[in-house]
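Below, chains carry the letters A, B, ... as their sequence lines are ordered, and counting in each starts from 1. Model, not experiment: these values are computed from the prediction.
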Protein chains: 2
Amino acid sequence: MAYDMALAALADPTRRKVFERLRSGARSVGEIARDMPVSRPAVSQHLKALKQAGLVRDEPRGSARIYRIHAPALTELREWLDGFWGDALDNFKTFAEGEDERR
Amino acid sequence: MAYDMALAALADPTRRKVFERLRSGARSVGEIARDMPVSRPAVSQHLKALKQAGLVRDEPRGSARIYRIHAPALTELREWLDGFWGDALDNFKTFAEGEDERR
DNA sequence: CCATATCGTAAGCCATAACTTACAGTAAGT
DNA sequence: ACTTACTGTAAGTTATGGCTTACGATATGG
């Protein structure tokens with residue numbers, strides 16, 4: 001039960017933009033914060049939140065610190081969404097067939 | 001570009017619980033608010049947010065109002081997550097193979 | 001027509017969270 | 001050893017958002 005952490009982490013637009021900058025590969029904090037409307041410490045805090053949600057992993061490289069996406073967390077969120085998606089489609093189907101559902 | 005609304009809507013635990021109560025079928029506001037730790041107006045506000053995010057649809061039935069899950073919004077969110085998932089797995093794979101990525 | 005049921009909205013309160021500036025710590029280069 | 005580069009954290013401010021209570025609106029039933 002960790003998809004809730006991932007959802008909360010990906011809700012904020014700025015934090016999601018930080019996360020999406022890692023989509024094409026691992027980067028350092030400075031590279032991520034480059035050309036961003038917020039300060040570098042803000043990016044650092046967002047990365048901390050993403051890390052606690054299990055969405056990223058970090059690793060030191062010299063005095064810098066490299067962040068990369070941790071795929072398993074996305075898988076977990078995907079599975080939760082898949083289960084929901086199936087049930088919702090079933091109910092949508094029975095609804096479209098005119099059969100009245102529970103009340 | 002509406003997956004961002006869905007993410008923001010599903011981030012709050014209480015609102016997600018409201019949403020999950022519609023997983024097994026359509027319900028009225030009163031039925032959803034029954035045995036909930038928050039008041040009925042709070043549930044109503046959550047339903048409004050879910051509706052604006054395209055996650056639910058409402059329909060009057062007498063003096064009551066029936067809410068049901070709107071599956072297409074979930075599909076949209078799923079597709080965004082799928083694209084992300086693929087890229088993240090690719091990078092994870094090249095990382096596991098020891099090949100250094102962009103820097 | 002009056003009473004009841006069901007719901008949405010407005011106003012206000014309060015906790016949370018996102019941001020900035022300032023500071024401290026570590027690593028590498030000279 | 002000193003400087004530079006890169007980062008995390010603490011403190012404080014401000015805005016956002018979720019909640020409650022109070023009220024207004026619509027539909028059904030007697």
Determine, stepwise, if the pair L22(A) / R27(A) fulfils side-chain contact (heavy atoms from CB on, under 4.5 Å).
-> CA-CA 7 Å; L22(A) 299 177; R27(A) 312 245 177 160; 3.9 Å; yes

Going 5' to 3' along DNA chain D, which nucleotides are the first and last within contact of chain B (any atom under 4.0 Å from a heavy atom)?
->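 Listing 5' to 3', DNA chain D meets chain B from dG18(D) to dT28(D).
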
CG on D82(A) to CG on L81(B), rounded to 0.5 Å =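 The CG atom of D82(A) is 8.5 Å from CG of L81(B), to the nearest 0.5 Å.
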
Looking only at heavy atoms, what is the nearest atom pair of [X] and [Y], with distance?
X	Y	answer
G54(B)	A73(B)	O-CB, 3.0 Å
E76(A)	A2(A)	OE2-N, 3.4 Å
A11(B)	A11(A)	CB-CB, 3.5 Å

Base, backbone or nothing for each nucleotide of nucleotides 24-30 of chain C, written B, S, -, heavy atoms under 4.0 angstrom, 5' to 3'?
-> ---SS--

Could you run down nucleotides 15-20 of chain C 5' to 3' and tag each one B, S or - for protein heavy-atom contact under 4.0 Å?
-> ---SBB

Is the closest basic N to carboxylate O distance between R21(A) and E31(A) below 4.0 Å?
->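 Looking at R21(A) and E31(A), the cut-off is not met.
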
Using the side-chain contact (heavy atoms from CB on, under 4.5 Å) rule, take V56(A) and V18(A) through it: C-alpha gap first, then chi angles, then the decisive distance, then the call.
-> CA-CA 11 Å; V56(A) 300; V18(A) 168; over 6 Å; no

Phosphate contact (dG8(C) OP1 or OP2) by Y67(B) side-chain N/O below 4.0 Å |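 Answer is yes, contact under 4.0 Å.
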
Does a side-chain N or O from S44(B) land closer than 4.0 Å to OP1 or OP2 of dT9(C), or not?
->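 Negative; the distance criterion is not met.
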
dT6(C) P sits how many Å from E59(B) CD, rounded?
->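 Nearest whole value for this atom pair: 17 Å.
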
side-chain contact (heavy atoms from CB on, under 4.5 Å) against E20(A), all qualifying residues, sequence neighbours excluded |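 Partners of E20(A) under the side-chain contact (heavy atoms from CB on, under 4.5 Å) test: R16(A), Y3(B), W80(B), F84(B).
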
For R57(A), enumerate each residue passing the side-chain hydrogen bond (donor to acceptor under 3.5 Å, both in side chains) test, keeping only those at least two apart in sequence or located in another chain.
->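 Checked R57(A) against side-chain hydrogen bond (donor to acceptor under 3.5 Å, both in side chains); matches are H70(A).
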
Can you give the donor-acceptor pairs under 3.5 Å from side chains of residues 35-51 of chain B to other protein atoms, not counting sequence neighbours?
from: S39(B); atom 1: OG; to: A42(B); atom 2: N; distance (Å): 3.4
from: H46(B); atom 1: ND1; to: R15(B); atom 2: NE; distance (Å): 3.1
from: K51(B); atom 1: NZ; to: D58(B); atom 2: OD1; distance (Å): 3.2
from: K51(B); atom 1: NZ; to: D58(B); atom 2: OD2; distance (Å): 3.1

